Amino acid sequence: MECLMPQWMRVTDAFAAAPGTPLTIKGWVRTNRESKADGGLCFVAVSDGTCFDPIQAVVRSTVPNFEHIQKLTTGCSVEIDGVLVASQGKGQSVEILVDPAQSGALRIIGEVEHPDTYPVSNKRHTFEYLREVAHLRVRTNTFGAVARMRHCMSMAVHEYFDKKGFFYVHTPIITASDCEGAGQMFRVSTLDSVNRKLTADGKHVDFGEDFFGKEAHLTVSGQLNVETYCCALSNVYTFGPTFRAENSNTARHLAEFWMIEPEMAFCDLKRDSEIAEEFIKHCIDAALTKRGDDMKFFDERIENGIVARLKHVLETPFRRLPYTDAIDILQKAIAGGKKFEYPVKWGTDLQSEHERYLTEEHFKQPVILMHYPKGIKAFYMRLDDNCAPGRETVSAMDVLVPKIGEIIGGSQREERLDKLDMRLDEMKLNKADYWWYRDLRKYGTVPHAGFGLGFERLMLFITGMANIRDVIPFPRAPKQAEF
RNA sequence: UCCCUGAUAGCUCAAUGGUAGAGCGACCGGCUGUUAACCGGUAGGUUCCAGGUUCGAGUCCUGGUCGGGGAGCCA
């Protein structure tokens with residue numbers, strides 16, 4: 001089938017065209033300046049979002065609507081016919097000459113009604129303010145760059161797994177199984193929340209009357225579902241929206257975010273961590289090679305040195321060490337005078353400050369911690385063999401990166417039914433709720449492993465942006481669902 | 001959810017309890033192959049909301065709402 005040919009040129013392609021090429025572009029005015037030179041000129045910088053830089057149109061005063069063009073302000077939409085020429089000015093290599101003598105024209109498509117109150121005028125704005133105009137913020141340099149990078153990273157995810165022979169599985173958004181066990185969930189219901197029908201004892205809501213005939217929620221993880229496909233297709237992954245109703249208000253949490261969860265059959269923790277590292281490096285490589293224009297901007301205006309830092313991560317093998325060794329390092333640091341707010345003790349989870357010390361001060365690079373105490377990890381993680389008494393660990397791993405902290409959490413799964421049941425009992429979970437998950441261990445069980453990666457945290461890591469609400473188009477967080 | 005902090009022009013911020021200002025943006029003019037332009041001028045305000053103290057509140061007090069920083073929970 002033939003692809004439809006575009007009727008005009010994208011700005012990104014215009015920059016790559018040969019001088020002398022006649023072309024038409026369409027986009028939105030970024031800036032408009034005028035000059036009396038050459039009998040009167042307007043310099044109209046136009047962006048269509050296809051690349052970082054806007055392209056400059058140089059409009060001669062001989063165009064019939066020149067007076068109108070002089071009044072163009074930031075945000076107006078235009079259609080421009082012109083000829084690509086080498087620029088006479090500094091600051092750009094090529095520009096579009098709009099000269100009626102060469103069939104040049106600039107047609108105004110949509111004006112900005114009130115330029116004095118246009119929310120994203122041509123000046124610096126704070127990210128906090130721009131969040132309030134999320135429908136327009138993507139027209140700014142920063143959010144345009146973030147949007148293109150988000151696409152680039154999405155594609156990199158699929159490229160990586162496709163190339164490795166993984167199958168993309170669409171795990172459900174709505175789940176009626178109450179066994180995902182990762183934080184507060186959003187209820188999905190068609191029941192009348194005011195006049196609820198109660199069960200016979202009059203104490204509980206009768207979910208038998210509800211749409212699914214039982215309690216249902218938005219998913220907090222696709223992992224348990226994707227494990228079932230893993231145990232048939234070998235290598236699989238999900239990449240979809242995930243929902244957490246936690247009332248957490250930080251620069252690293254969202255109520256709705258996107259998560260990537262690969263799952264591999266016949267795979268142990270070591271290989272799991274190798275895939276995690278290779279995957280992150282693939283994403284970094286894609287960002288650097290495919291979005292050099294946007295990375296240059298992030299490097300100059302968002303986080304100085306981020307390109308060098310990402311290159312360093314790309315070239316350096318991740319540091320791997322057992323949780324127990326990390327505790328030793330932290331305790332030695334304390335002995336050497338380092339002050340932490342929270343105590344460091346074997347058996348407790350590492351706090352943000354501890355993770356930051358390891359990645360930012362001690363190792364100064366990404367670190368993969370492995371083999372955590374079983375008491376602080378989920379029921380499905382595989383019990384390590386040959387543990388010292390009182391020091392039982394599970395085959396878990398966390399990938400920690402500077403500034404962000406945990407970017408990946410994964411584990412080898414418990415494939416032995418007796419051990420899994422033991423863990424369910426220990427954590428006082430109802431085995432009946434996990435009947436289909438337990439079936440996987442009854443019918444041709446295999447060692448398998450996987451991990452979860454928060455897509456927006458990857459975006460923070462790649463772009464250097466500080467707040468997770470600025471790397472997703474329309475953030476959902478407590479008290480925030482305006483757009 | 002806890003601790004800290006903030007809300008004043010379209011935006012970013014000033015303003016001893018006593019006449020509400022500046023920069024940027026917008027508009028008008030000048031200059032300029034311009035490009036964070038530059039120079040001059042103009043317009044633009046229910047000081048977040050509801051109470052209270054006071055002769056008088058942007059400012060002080062109480063309660064909300066929302067934002068930011070840190071923490072917890074986590075991805």
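Everything quoted here is computed from the prediction, not taken from an experiment. Numbered from 1 within each chain, the chains take letters A, B, ... in sequence-line order.
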TODO: May I ask you to test the A:His151-A:Arg148 pair for a side-chain heavy-atom distance under 4.5 Å?
DONE: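 They are not in side-chain contact.
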Students often get this wrong, so: under 4.0 angstrom with heavy atoms, is [X] touching a base, only sugar-phosphate, or nothing?
| X | result |
| --- | --- |
| A:Gln92 | base |
| A:Glu34 | base |
| A:Thr242 | nothing |
| A:Gln56 | base |
| A:Asn247 | base |
| A:Ser87 | base |
| A:Tyr342 | sugar-phosphate |
| A:Leu254 | base |
| A:Thr31 | nothing |
| A:Gln223 | nothing |

Closest to side chain of [X], choosing from [options]:
| X | options | answer |
| --- | --- | --- |
| A:Thr250 | B:G10, B:A71, B:C31 | B:A71 |
| A:Tyr129 | B:A26, B:U12, B:A71 | B:U12 |
| A:His125 | B:C11, B:C74, B:C73 | B:C11 |
| A:Lys71 | B:C27, B:C28, B:C73 | B:C28 |
| A:Phe43 | B:C74, B:U34, B:U12 | B:U34 |
| A:Thr117 | B:C28, B:G33, B:G10 | B:G10 |
| A:Thr73 | B:U32, B:G69, B:C27 | B:C27 |

Open item on the list: Is the ring pair A:Trp346/A:Tyr323 parallel, tilted or perpendicular, if the boundaries are 30 and 60 degrees?
Closed with: perpendicular
Take atom [atom1] in [N] and the same atom in [M], then report the distance between them in whole Å.
| N | M | atom1 | result |
| --- | --- | --- | --- |
| B:G6 | B:C13 | C1' | 13 Å |
| B:U8 | B:G58 | C1' | 6 Å |
| B:C28 | B:G18 | P | 39 Å |
| B:A15 | B:G21 | P | 14 Å |
| B:U59 | B:G17 | P | 11 Å |
| B:U1 | B:U16 | C1' | 39 Å |
| B:C4 | B:C39 | C1' | 45 Å |
| B:C66 | B:C60 | C1' | 22 Å |

Using a 3.5 Å distance criterion without hydrogens, assess whether the side chain of [X] forms a donor-acceptor pair with backbone atoms of [Y].
| X | Y | result |
| --- | --- | --- |
| A:Gln92 | A:Ile55 | no |
| A:Glu456 | A:Phe257 | no |
| A:Glu353 | A:Tyr342 | yes |

Open item on the list: Between A:Ser248 and A:Ser121, which residue's closest nucleotide on RNA chain B lies nearer the 5′ terminus?
Closed with: A:Ser121
- [ ] On RNA chain B, check which nucleotide each of A:Asp349 and A:Arg131 is closest to and give me the residue with the more 5' one.
- [x]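 Nearer the 5' end of the strand: A:Arg131.
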When both hydrogen-bonding distances must be under 3.5 Å and the geometry is Watson-Crick or G-U wobble, what is [N] paired with, if anything?
| N | answer |
| --- | --- |
| B:A22 | B:U12 |
| B:G45 | none |
| B:G6 | B:C66 |
| B:U59 | none |

Atom-to-atom span, [atom1] of [X] to [atom2] of [N] - whole angstrom:
| X | N | atom1 | atom2 | result |
| --- | --- | --- | --- | --- |
| A:Arg124 | B:A37 | CZ | P | 12 Å |
| A:Glu300 | B:A36 | CD | C1' | 13 Å |
| A:Arg137 | B:C11 | CZ | C1' | 17 Å |
| A:Leu136 | B:G10 | CG | P | 17 Å |
| A:Glu246 | B:U1 | CD | C1' | 10 Å |
| A:Glu341 | B:G72 | CD | C1' | 10 Å |
| A:Ile55 | B:U34 | CD1 | P | 19 Å |
| A:Asp116 | B:G25 | CG | P | 14 Å |

With a 3.5 Å cut-off and just heavy-atom distances, do the side chain of [X] and the base of [N] make a donor-acceptor pair?
| X | N | result |
| --- | --- | --- |
| A:Lys123 | B:C11 | yes |
| A:Glu128 | B:G6 | no |
| A:His253 | B:C74 | yes |

Salt-bridge test for [X] and [Y]: reply yes if a basic N is under 4.0 Å from a carboxylate O, no otherwise.
| X | Y | answer |
| --- | --- | --- |
| A:Arg382 | A:Asp384 | no |
| A:Arg423 | A:Glu426 | yes |
| A:Asp48 | A:Arg10 | no |
| A:Glu274 | A:Lys270 | yes |

Open item on the list: Measuring to OP1 and OP2 of B:C73, would you say a side-chain N or O of A:Arg252 lies under 4.0 angstrom away?
Closed with: no
